[in-house]
Every structure is written in structure tokens, then in C-alpha cells.
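As C-alpha cells, the structure follows; a few thoughts come after it.
Quick note: numbers below take in every heavy atom, side chains included, and nothing from hydrogens, waters or symmetry partners.
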Amino acid sequence: VAHFPSASIDDDGLATIEFQLTNGEGTAITDLSASDVRFVISKLQPSALSSASGTWQSYLNVVREPVPGFGDGTEARLQATYERPAEEDDLINNGDGTYRYTLAQSITNLEADVLAQAATEGLDLSYDPNLTHRVSMQFDGNPNTTANPYHDWIPATGASGNVFNMDIAATANCNRCHDPLAFHGSNRREIQYCVTCHNPGSTDPESTNTVDMKVMIHKIHAGANLPSVQEGGEYIFWGFRNSEYNYSNLHYPQDIRNCVNCHVGSATVGDRTDLTVTAQGDNWAEVSSKAACGSCHDTPDSGAGHIAAREEDDCASCHSAGGFAGSVADSHRMLVQEARQEFAAE
């Protein structure tokens, strides 16, 4: 269990994180090693679509060149990453279960190659202290670690707690199937940690596929039913040590339109008592975006051309309850499943 008393960013753009660790019985953990922990830091960029929408952008990135012979990518792409303490003394251990770490990478003085690549891709890595920022961590060396603690705050005011943090999907909902959600060596367990790297500013250079959470997760779960796959394409990533991750044959065990199985808010939860409601869980039905819609509608015949040709803020004028195309929720209704509710076996 981790508790974050504070996080701050100084005039040099260096973020300092203070945290306290205890085990499940409340006993202080005093032997955390620098090699056992990784840190990430991101900002939540606002969206013009809605005050209840935004995208995370990592400050920690590397420029990745595609490896020849793997995938079709030919150009370098930006990819989010983490920072690990370089030396044992960099992680300050107070001996009582409390720790302090100052990231070595200044978020106001990023590497020139990273900034140049970000400019090429149209990404904004500038520091804005008025936005919500998130620091989070991953613990290594212990297969029983089940959490990725995080701290959200606004550097300009120091406010934390009830700040906007784009809480659109609950890990508990993912774990109804994954049991548990655990990737990249099994120590990445929480959606709030995943989104700090899996955002629009991170791409697999070999396949050229974005690893943006909303796009990647929709496509993975659609798998073999993706229009692009059904037309003969593949949905592939090239991961650690050039390992191939091909989701083209993945068959989701239910209707992909069952959106509330993953993200649900107060307006869409209905009578489901088995789901965890999140603050922005209704966004799938209320805030259309080209990235989210285009993740499944990824061929001309399935609407990709229509999506590409429109401005993002035009979507709601047609795709809404009173619009020409009807609401997003209506478009994702599962009529056969609804009809089943009218019958019961005796």
C-alpha cells in the first residue's frame, strides 16, 4: 500500500515525489531498493470536445527507430517510457517506510531529439502547471505486487484529490474478465498507470500502430471482427525484443458493442450492480471522438472515410440524441440481447 503525502515540481522542472509504503497489515516497508521501482509523470491535456474529456501526455519519452525486418514502419516515432533511479542513493530511504525521489529528467528541459520528434508528430510536451499532472510508480522484483499507486495534482495550486483526472474506466471492471489485469511482466496492474504511457503521443514504430489506450484496447478486443482484419489485414504490435503480438485471431467472447462492460457512468449503468461507476464513464455515449470511433470503424466501408473527413467537434451535431444519426448509445444497442430479456424459460 502506498500513500503520497506530496509531489511537487521546482523551478528547474524537476519533480519530487514523496511516498510511504506499508504491507497489507499496515507495517512499514523499509527495504525498497532503487532497482525495485520505476516512475512515470504525465500531464492531462484538455479536449475541445468537452470539459469532461482529455488526453494524457507523458513527459518521459524516447525516439524509437523501427527495427528492419519487423513490420512495415520506416520512420522514427515517439514512445512513452519511465524513469528508474540511476543510483541507489538517488532514492532517499528515511528508514521508516517513507521515501523521496526526484526525477532526473527535467520536464521543462527535455532532450532535443525528443522535442524535435514531438514537433514532427504535432505533439505538445510543454509544461503547463495549471493542468492536472500525474506521477505513478511500478514495483519490480515482487510477483505479489498488485498495485500501481498514483498521485494527481495541479502544480500551480498544489490542489490534489478532487482534481479532474479523466477517470473513464475502472480496473475493477477489467478484472471481471482478466482477473487480474497484468502486463509487461505482470507488475503493471492499474488503468491509471497504463494511460500515463498509452496515450496519443506513443506509437509502435514497426507496425506504425498507436498504443493510445482508447484505440489500442478497442482494436484488441475487436480482434478478428475488426473490419480491417475481415478484409484481409492484420492487427499487430512488435513489442519487447521484437516479439510479435498479433490480435488478428482474437475472438471477443461477447458483443463488442457491450460498451458498459468496460466503462460505465451514472447515466449508463442502468440496473447493473456488478460494475464500478467512474466519473467520466459515460463519455463513450456522450463525447464522440475520431480516435475512439475510428478504432473500430477502421475501413472505408465501416465509416473510416466519413470519420477522417469531418472535424472532431462536428461529431455531436449528428451523433447525438437529437441529431440526424441518433445517439451513440442507440447505435450500439444490441437488439437481440434486448429481445432475450422479454423471454424466460420455465
Trp284 versus Thr268: any side-chain heavy-atom pair under 4.5 Å?
yes
Stepwise side-chain hydrogen bond (donor to acceptor under 3.5 Å, both in side chains) test for Thr102 and Thr16:
CA-CA 4 Å; Thr102 299; Thr16 296; 2.8 Å; yes
If I compare all heavy atoms of Leu250 with all of Ile220, which pair ends up nearest, and what's the gap?
CD2-O, 3.3 Å
Can a donor-acceptor pair be found, under 3.5 Å and without considering hydrogens, that links the side chain of Ser248 to the backbone of Tyr235?
yes
Can you check whether Phe164's main-chain N or O pairs, donor with acceptor, with Thr132's side chain at less than 3.5 Å?
yes
Would a distance-only check, ignoring hydrogens and angles, find a side-chain to backbone donor-acceptor pair under 3.5 Å from Thr203 to Pro205?
no
Phe183 reachable from Val195 in the ILVMFWY side-chain graph, under 4.5 Å edges
yes
Do Thr171 and Arg189 have side chains that get closer than 4.5 Å, going by heavy atoms?
no
Contact between Cys315 and Arg310 at the side-chain level, heavy atoms closer than 4.5 Å - yes or no?
no
Side-chain donor-acceptor pair present, Gln337, Gln341, cut-off under 3.5 Å:
no
Go through it in stages, so that I can follow the logic: the residues are Gln57 and Leu123, the test is side-chain contact (heavy atoms from CB on, under 4.5 Å), and I'd like the CA-CA distance, side-chain angles, deciding distance and then a yes or no.
CA-CA 9 Å; Gln57 173 59 59; Leu123 301 171; 4.2 Å; yes
Would you kindly say whether Ser126 and Asp124 are connected by a side-chain donor-acceptor distance under 3.5 Å?
yes
Group every Ile, Leu, Val, Met, Phe, Trp and Tyr by side-chain heavy-atom contacts under 4.5 Å, then state whether Ile154 and Leu131 land in the same group.
no
Kindly indicate whether the side chain of Asn173, heavy atoms from C-beta on, has any atom under 4.5 Å from the side chain of Val264.
yes
Looking only at the side chains, is there a donor atom on one of His297 and Ser302 sitting less than 3.5 Å from an acceptor on the other?
no
More than 12 heavy atoms of other groups within 6.0 Å of Glu311 CD
no
First locate atom OG of Ser42, then atom CG of Asn61, and finally report the distance between them rounded to the nearest 0.5 Å.
8.0 Å
Evaluate the criterion side-chain contact (heavy atoms from CB on, under 4.5 Å) for residue pair Leu115 and Asp113; output intermediate values, then yes/no.
CA-CA 5 Å; Leu115 291 174; Asp113 64 331; over 6 Å; no
Trace of the side-chain hydrogen bond (donor to acceptor under 3.5 Å, both in side chains) decision for Asp282 with Gln280:
CA-CA 5 Å; Asp282 291 325; Gln280 284 76 48; over 6 Å; no
With a 4.5 Å limit on heavy-atom distance, are the side chains of Cys174 and Ile191 in contact?
yes
Please check: side-chain N/O of Ser288 versus main-chain N/O of Ala316, any donor-acceptor pairing under 3.5 Å?
no
Within 45° cone and under 6.0 Å: Arg188 NZ/CZ vs Tyr193 ring
no
Using 30° and 60° as the class boundaries, would you call the ring planes of Phe4 and Phe19 parallel, tilted or perpendicular?
tilted
Looking at Ile168, is its backbone amide N or carbonyl O close enough to the side chain of Asn283 to form a donor-acceptor pair, meaning the two atoms are under 3.5 Å apart?
no
So which atom in Ser202 and which in Cys197 form the shortest heavy-atom distance, rounded to 0.1 Å?
CB-O, 3.4 Å
Pairing donors with acceptors under 3.5 angstrom, does anything connect the side chains of Ser136 and Thr196?
no
For a side-chain contact (heavy atoms from CB on, under 4.5 Å) check, start with the C-alpha distance between Gln192 and Asn148, then their side-chain angles and the critical distance, and finish with the verdict.
CA-CA 8 Å; Gln192 291 88 350; Asn148 302 119; over 6 Å; no
Does the pair Glu111 and Gln105 meet the rule for a side-chain contact (heavy atoms from CB on, under 4.5 Å), with working shown?
CA-CA 9 Å; Glu111 295 94 334; Gln105 175 61 61; 2.9 Å; yes
The reported gap from CG in Asp204 to OG1 in Thr210 (rounded to nearest 0.5 angstrom) is 9.5 Å
Could you check whether atom CD of Glu75 has more than 12 heavy atoms from other residues, nucleotides or ligands sitting under 6.0 Å from it?
no
Has Asp72 got more than 12 heavy atoms of other residues, nucleotides or ligands less than 6.0 Å from its CG?
no
If we ignore hydrogens and angles and just use 3.5 Å, is the side chain of Arg134 paired with the main-chain N or O of Ile41 as donor and acceptor?
no
Test your reading of the model: is there a side-chain donor-acceptor pair from Thr278 to the backbone of Asp167, 3.5 Å cut-off?
yes
In terms of relative ring orientation, are Tyr247 and Tyr245 parallel, tilted or perpendicular, with 30° and 60° separating the classes?
parallel
Hey, quick one: are Ile17 and Tyr127 part of the same hydrophobic cluster, counting side-chain heavy atoms closer than 4.5 Å, chains of contacts allowed?
yes
What one should report as the nearest heavy-atom pair of Leu226 and Lys219 is CD1-O, 3.7 Å
Got a donor-acceptor contact below 3.5 angstrom from the Asp140 side chain to the Val37 backbone?
no
Cluster check Val40, Leu110: I/L/V/M/F/W/Y, side chain < 4.5 angstrom:
no
Exceeds 12 heavy-atom contacts within 6.0 angstrom, atom CG of Asn249
no
Enclosure of Asn162 CG (heavy-atom neighbours >12, cutoff 6.0 Å):
no
Keeping the roles fixed (side chain from Ser53, backbone from Ser50), state whether a donor-acceptor pair exists under 3.5 Å.
no
Nearest atoms (heavy-atom pairs only) where Phe139 meets Leu32
CD2-CD1, 4.0 Å
Using distance alone, with no hydrogens and no angle criterion, decide if Asn261 and Arg176 have a side-chain donor and acceptor under 3.5 Å apart.
yes
Between Ala28 and Asp96, the two heavy atoms sitting closest are CB-O, 3.5 Å
Arg84, CZ atom: more than 12 neighbouring heavy atoms under 6.0 Å
yes
Distance col, row Glu83:CD vs Asp90:CG, nearest 0.5 angstrom, shows 8.5 Å
Between His133 and Tyr59, how do the two ring planes meet: parallel, tilted or perpendicular, split at 30° and 60°?
parallel
Rounded to the nearest 0.5 Å, what separates atom OH in Tyr82 from atom OG in Ser58?
12.5 Å
Does the side chain of Glu121 reach to within under 4.5 Å of the side chain of Arg77, using non-hydrogen atoms?
yes
Between Val114 and Gln117, is there a side-chain heavy-atom distance shorter than 4.5 Å?
no
With no hydrogens and no angle check, is any side-chain donor or acceptor of Asp10 less than 3.5 Å from a backbone partner on Ala15?
no
With no hydrogens and no angle check, just 3.5 Å: does a side-chain donor-acceptor pair link Asn165 and Asp152?
yes
For the atom pair NZ (Lys214) and CG (Asn199), what is the distance rounded to the nearest 0.5 Å?
8.5 Å
What orientation do Phe39 and Tyr101 show, parallel under 30°, tilted 30 to 60°, or perpendicular over 60°?
parallel
Nearest-0.5 Å distance, OG1 of residue Thr108 to CG of residue Asp12:
7.0 Å
Lys/Arg-Asp/Glu bridge criterion (N-O < 4.0 Å) met for Asp128, Lys43
no
For His198 versus Val211, what's the shortest heavy-atom pair and its separation?
ND1-O, 2.9 Å
Quick check on the hydrophobic clustering: are Met166 and Ile217 connected, directly or via other members, by side-chain heavy-atom contacts under 4.5 Å?
yes
